[in-house]
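Just so it is clear, the structure is predicted and the values come from calculations on it, not from any experiment. FYI, the numbering just counts along the sequence from 1.
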Amino acid sequence: MAGHSKFKNIMHRKGAQDKKRSAQFSKLSREITVAAKMGMPDPDMNPRLRAAVNAAKAQSMPKDNIARAIDKASKGEGDNYEEVRYEGYGPGGVAVIVEALTDNRNRTATNVRTAFSKNGGNLGASGAVSHGFERLGLIEYPGSVGDEEKVLEAAIEAGADDVESDEDSHSIWVAVENLHEVARELEKVLGEAEGVKLAWKPSLKTVVSADDAATLLKLIDVLDDDDDVQTVWGNYEIPDEVMEKLG
């Protein structure tokens with residue numbers, strides 16, 4: 001088990017999320033609809049749907065919106081989305097994985113390629129960078145549920161593999177096949193998680209220089225602003241002093 005770590009995915013910056021609440025609700029609805037169409041429209045019987053609903057609740061998405069997205073899927077209504085993954089390099093050689101749900105592959109591919117090329121990066125072929133990441137389950141809790149020791153103990157008992165904590169949050173990593181079982185056990189001790197999902201964890205991290213950091217953050221923001229993009233993962237590590245300078 002690992003202890004303290006500053007590793008954070010940039011998509012979880014609270015300020016950015018608050019500004020993009022409407023767009024976030026749209027993305028959450030899309031994931032709920034896709035999850036409900038792929039399996040049972042009952043969160044208790046469909047782990048992916050349960051994770052999507054929990055993520056929506058964590059972002060204070062209204063219950064009516066959640067119910068409407070599930071209802072659409074159960075009736076076979078709404079757009080048909082497919083899952084697409086893009087891989088590329090950002091400023092400073094940072095490896096970036098972009099996961100999207102789209103009803104138009106050409107539109108999404110063009111937007112993602114443009115985002116990379118205009119912000120110091122380049123889009124690679126499928127598999128270009130994913131070999132440098134592990135596909136794992138990620139369970140997220142706010143720092144308010146308890147200190148590092150309490151969460152670490154609960155995670156060990158539940159069967160998790162790794163924990164990364166800081167003053168704001170706890171990230172609990174598990175094998176993909178154990179994700180929902182561990183999440184259920186943790187819920188008994190820590191309450192409902194802020195997020196339960198599949199994630200890409202970098203095997204090695206790239207420290208980003210002050211010169212590249214601003215451009216990298218712009219790239220990630222542009223990608224995150226795209227309606228089709230669900231998540232952006234990277235192997236970057238931006239030193240605290242660089243983040244402070246960027247404000």
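Pairing each heavy atom of Ile32 with each of Ala56, the nearest pair is CD1-CB, 4.0 Å. Closest approach of Glu87 to Ala125, counting heavy atoms only: CB-O, 4.1 Å. Scanning all heavy atoms of the two residues, the minimum distance from Ala158 to Val182 falls at O-CG2, 3.4 Å. Between Ala115 and Leu219, the shortest heavy-atom contact is O-CD1, 3.3 Å.
For Asp228 (side chain) and Thr102 (main-chain N/O), no donor-acceptor pair under 3.5 Å exists by modelled atom type. Side-chain atoms of Asn46 come within 3.5 Å of backbone atoms of Met40 as a donor-acceptor pair (strictly under, hydrogens ignored). When atom types are taken as modelled, the side chain of Tyr141 and the backbone of Gly191 share a donor-acceptor pair closer than 3.5 angstrom. A donor-acceptor pair is defined here as one N or O able to donate and one able to accept, closer than 3.5 Å; no such pair exists between the side chain of Thr33 and the backbone of Ala73.
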**Q.** side chain to side chain contact (heavy atoms under 4.5 Å, CB included) evaluation trace for Asn80 with Lys37
**A.** CA-CA 9 Å; Asn80 287 316; Lys37 279 187 176 181; 3.1 Å; yes
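The residue from Val129, Leu123, Val94 that alone fulfils the side chain to side chain contact (heavy atoms under 4.5 Å, CB included) condition with Tyr89 is Val129. When Lys197, Arg30, Arg135 are each tested for a salt bridge (charged side-chain N to carboxylate O under 4.0 Å, His left out) with Glu99, only one passes: Arg135. Of the residues listed (Val145, Leu152, Ile139, Leu190), the one engaging His170 in a side chain to side chain contact (heavy atoms under 4.5 Å, CB included) is Val145, and it is the only one.
Side-chain contact between Thr108 and Tyr86 is present, with heavy atoms from C-beta onward closer than 4.5 Å. With contacts defined as side-chain heavy-atom distances shorter than 4.5 Å, the pair Lys27/Asp224 qualifies. No side-chain heavy atom of Pro91 sits under 4.5 Å from any side-chain heavy atom of Asn119. Using a 4.5 Å heavy-atom threshold, the side chains of Val208 and Glu237 count as separate.
If you check the side chains of Glu134 and Trp173, you find no donor sitting under 3.5 Å from an acceptor.
With sequence neighbours excluded, no residue satisfies salt bridge (Lys or Arg N to Asp or Glu O under 4.0 Å) with Lys63.
Here CG of Asp42 is found 8.5 Å from CD1 of Ile70. Values are rounded to the nearest 0.5 Å.
More than 12 heavy-atom neighbours from other residues, nucleotides or ligands sit within 6.0 angstrom of CD on Glu192.
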